[in-house]
Amino acid sequence: MLRIYNTLSRSLEEFIPRERGKVYMYNCGLTPYDYPHVGHARSAVIYDVIHRYLEYLGYEVIHISNFTDIDDKIIARSQELGITCEELTQKYIDVYLKDLKALNVKPLYGYPRATEHIKEIIEMVRTLQEKGFAYEISDGVYFEVRKFKDYGKLSHRNLEELRSGARIEVNPEKKDPLDFAIWKKSREGEPSWDSPWGKGRPGWHIECSAMSLHYLGNSFDIHGGGDDLIFPHHENEIAQSEAYTGISPFARYWVHNGMVEIEKEKMSKSLKNFFNLDELLRDYDGEVVRLYLISVSYRKPLSFDIESLEVARKNYEYFNESFLSINEDIERNNKGDVPVEDKILQWRSDFRKAMDDDLNFPVAIALLFDIFKFFNGNKEKISSKEALKLKEFLNEMLGVLGIEHLGERRASVLSSLKDRIMDVIGFLSKNEALRKELSSIDKEMAVNDILQSLVDLRAEMRLRQDFVSADQIRDALKEVGVVLEDTKEGTKYRLVST
RNA sequence: GGCGCCGUGGCCAAGUGGUAAGGCAAGGGUCUGCAAAACCCUCACACGUCGGUUCGAAUCCGACCGGUGCCUCCA
């Protein structure tokens, strides 16, 4: 039974969906006015693993995430750059979606945009006004917090506490400093839509309420987002949604992920300390970044640093090499008598126990080490048949964690190294002992044949006890990221980042 | 000021009442022409400090110290 922490009750709760066998899930996406950063990646990956685990448990998951593609920052930035808001937001939406793909985040049921749901938003604002929860003043329509008795139930604050911390008022016409705009009247030159209140645009995250209710209905199951959104964003979402529908709860489980920090400070665009995700993904494989992001409990802050990311890379390489090794074992028709069935039953039960316990990713990852270590330590004694069972079970777990490309990348990486390997051959040709043999290699050959020729040549040198030449080959290849390893089954190569 | 979170070995990080998972680093070993990889072994009388509750606490309570998030648009 899955237990998950609900911010609403501040406790772990048994997860029981609204509808048998189905989970309706919404998580707050981003405002696309700049490059996404590692924090956005963390959020997306966390909800992706939750999504995958729910599917693993047999649920159909209807999961959406929004783009808030109209707001003050977008308007300001597009004016700065002299482009339209659409051009600006489309650019960063494209970048974000591309990055999500690299991170192996499953495509969602939908990515609704605020600008595509103006009709629903206006309808909501209008109803709120009719019901007496909202009022119009000179610059927009405001939600009146004191009319909503449960205001503060998510962030566990009351109006008094909030007022004492409130900042200086912008519009003195507001009835209460805490009242917030759900519709903003637009100024000259700003994008706008016709409404009962004249030209204007959506206010404070009313789009999240409008779109989640539109697609998922009342009392949908999971609403997620970063924990910086608890107040005021999600608090306001609850207020405007429940006041609108008259039905509580707006969402049943509120899940919040911890922030990514840099040097003990929250990573954010406004602090200018963010790590550009797109750039990061040029240097690191998406699955490495993903592994890194789920190596800490989802609710805790994650302090981002390259050293830890390097550890994740190292761990990923260990998984990758071990996985390849299992594949080889399966192909080799190994004999063996170490059974694997009971181990798998235990691992599966441990995995579920960890994930059921509020999605304990780190423990699930520790299990991966357990499994690979077991295989590596018993390689000779595990038959191909058993190795296949092991692989199938690993795929089961890896599928939930979203690490699904172990052992698949070497072909593409290798072909990208062709030019550099040809350079290596040029360099090695300076050695008299190697020159003649190397001359038979030309760049028309397939890259793995070229590599195999080098491996064969080195074997010959070793046989001749010409370790100087043999080591020269090995060292030169290592420079370009191909590490040769002499094992009982012959020389193997391993690709590392340089 | 209010509402929270965090402080576990050199580093990262699980564990939240029953006597410290896992990873990285480090040291030793097996294997190897030498390596690398892999494997094996070692590596927290102890979980910020001080009190308390308990047969028993890293885990509960209190105080204190240090760090940090939110309190108007931030994943």
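These numbers come from the heavy atoms of this one structure, side chains and all, not from hydrogens, waters or symmetry mates.
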Requested in this report: Between A:Y5 and A:F372, name the one whose nearest nucleotide on RNA chain B is closer to the 5' end.
Outcome: A:Y5

Report task. Assign each of A:R299 and A:D486 to its nearest nucleotide of RNA chain B by heavy atoms, then name whichever residue's nucleotide is nearer the 5' end. Result -> A:R299

[Y] versus [X], side-chain donor and acceptor atoms under 3.5 Å:
{"X": "A:Y298", "Y": "A:D358", "value": "yes"}
{"X": "A:T491", "Y": "A:D486", "value": "yes"}
{"X": "A:R299", "Y": "A:H256", "value": "no"}

Can you tell me how far [atom2] of [N] sits from [atom1] of [X], to the nearest Å?
{"X": "A:Y298", "N": "B:rA14", "atom1": "OH", "atom2": "P", "value": "13 Å"}
{"X": "A:E161", "N": "B:rC70", "atom1": "CD", "atom2": "P", "value": "18 Å"}
{"X": "A:E237", "N": "B:rC73", "atom1": "CD", "atom2": "C1'", "value": "12 Å"}
{"X": "A:K373", "N": "B:rC41", "atom1": "NZ", "atom2": "C1'", "value": "12 Å"}
{"X": "A:Y151", "N": "B:rC71", "atom1": "OH", "atom2": "C1'", "value": "10 Å"}
{"X": "A:F319", "N": "B:rC24", "atom1": "CZ", "atom2": "C1'", "value": "12 Å"}
{"X": "A:M355", "N": "B:rG15", "atom1": "CE", "atom2": "P", "value": "13 Å"}
{"X": "A:F467", "N": "B:rU32", "atom1": "CZ", "atom2": "C1'", "value": "10 Å"}

Between [options], which one does the side chain of [X] approach most closely?
{"X": "A:H156", "options": "B:rG69, B:rC73, B:rC3", "value": "B:rC3"}
{"X": "A:R157", "options": "B:rC71, B:rC34, B:rA36", "value": "B:rC71"}
{"X": "A:N315", "options": "B:rG23, B:rA36, B:rC73", "value": "B:rG23"}
{"X": "A:D228", "options": "B:rA75, B:rA14, B:rC12", "value": "B:rA75"}
{"X": "A:K73", "options": "B:rA14, B:rC73, B:rA25", "value": "B:rC73"}
{"X": "A:K184", "options": "B:rA13, B:rC73, B:rA25", "value": "B:rC73"}
{"X": "A:C28", "options": "B:rG69, B:rC34, B:rA75", "value": "B:rA75"}
{"X": "A:T31", "options": "B:rA75, B:rC40, B:rC3", "value": "B:rA75"}
{"X": "A:M267", "options": "B:rA75, B:rA13, B:rC34", "value": "B:rA75"}

Look at all strands and tell whether [X] reaches a base, only sugar-phosphate, or nothing, counting heavy atoms closer than 4.0 Å.
{"X": "A:E261", "result": "sugar-phosphate"}
{"X": "A:R201", "result": "nothing"}
{"X": "A:N376", "result": "sugar-phosphate"}
{"X": "A:G39", "result": "base"}
{"X": "A:I365", "result": "nothing"}
{"X": "A:G152", "result": "nothing"}
{"X": "A:H256", "result": "nothing"}
{"X": "A:L30", "result": "sugar-phosphate"}

Report summary line: The single option from A:D72, A:D71, A:D139 that satisfies side chain to side chain donor-acceptor pair (under 3.5 Å) with A:K184 is A:D72

Expressed in whole Å, how much space separates the [atom1] atoms belonging to [N] and [M]?
{"N": "B:rG22", "M": "B:rG15", "atom1": "P", "answer": "14 Å"}
{"N": "B:rG4", "M": "B:rG51", "atom1": "C1'", "answer": "25 Å"}
{"N": "B:rC47", "M": "B:rA57", "atom1": "P", "answer": "12 Å"}
{"N": "B:rG62", "M": "B:rG67", "atom1": "P", "answer": "22 Å"}
{"N": "B:rC61", "M": "B:rA26", "atom1": "C1'", "answer": "40 Å"}
{"N": "B:rC11", "M": "B:rC3", "atom1": "P", "answer": "33 Å"}
{"N": "B:rC65", "M": "B:rG27", "atom1": "C1'", "answer": "36 Å"}

Looking only at side-chain N and O atoms, does [X] come under 4.0 Å of OP1 or OP2 in [N]?
{"X": "A:N360", "N": "B:rA14", "result": "no"}
{"X": "A:K264", "N": "B:rG69", "result": "no"}
{"X": "A:S297", "N": "B:rA14", "result": "yes"}
{"X": "A:Y318", "N": "B:rC39", "result": "yes"}
{"X": "A:N158", "N": "B:rG2", "result": "no"}
{"X": "A:H205", "N": "B:rC74", "result": "yes"}
{"X": "A:K300", "N": "B:rA14", "result": "yes"}
{"X": "A:K266", "N": "B:rC70", "result": "yes"}
{"X": "A:R10", "N": "B:rG4", "result": "yes"}

Looking at [N], which nucleotide sits across from it as a Watson-Crick or G-U wobble partner, both distances under 3.5 angstrom, or is there none?
{"N": "B:rC39", "value": "B:rG29"}
{"N": "B:rA21", "value": "none"}
{"N": "B:rU59", "value": "none"}
{"N": "B:rG7", "value": "B:rC65"}

Query raised in the report: Any chance the rings of A:F319 and A:F369 have centres within less than 6.0 Å?
Result: yes

**Report entry** A:H63 and A:H51 aromatic ring geometry - parallel, tilted or perpendicular at 30°/60° bounds
**Finding:** tilted

Report task. Evaluate the salt bridge (charged side-chain N to carboxylate O under 4.0 Å, His left out) criterion for residues A:E485 and A:R494: first the C-alpha distance (whole Å), next the side-chain angles of each, then the deciding distance (0.1 Å), finally the verdict. Result -> CA-CA 8 Å; A:E485 292 165 356; A:R494 189 163 58 87; 2.5 Å; yes

Query - Positive for ring-ring contact (aromatic ring centres under 6.0 Å, His included) with A:H234, one of A:Y26, A:F250, A:W254 - result: A:W254

Report task. Inspect the contact between A:E161 and A:R157 and indicate whether a charged nitrogen and a carboxylate oxygen are less than 4.0 angstrom apart. Result -> no

Report task. May I ask you to decide whether A:E460 forms a salt bridge with A:R464, counting only side-chain N to carboxylate O separations under 4.0 Å? Result -> yes

Is [X] side chain donor-acceptor paired with the [N] base, going by distance under 3.5 Å alone?
{"X": "A:R163", "N": "B:rC71", "value": "no"}
{"X": "A:R474", "N": "B:rA35", "value": "yes"}
{"X": "A:D471", "N": "B:rG33", "value": "yes"}

Requested in this report: Could you tell me whether the side-chain ring of A:F369 sits stacked on the base of B:rG23, using a centroid cut-off under 5.5 Å and a plane angle under 30°?
Outcome: no

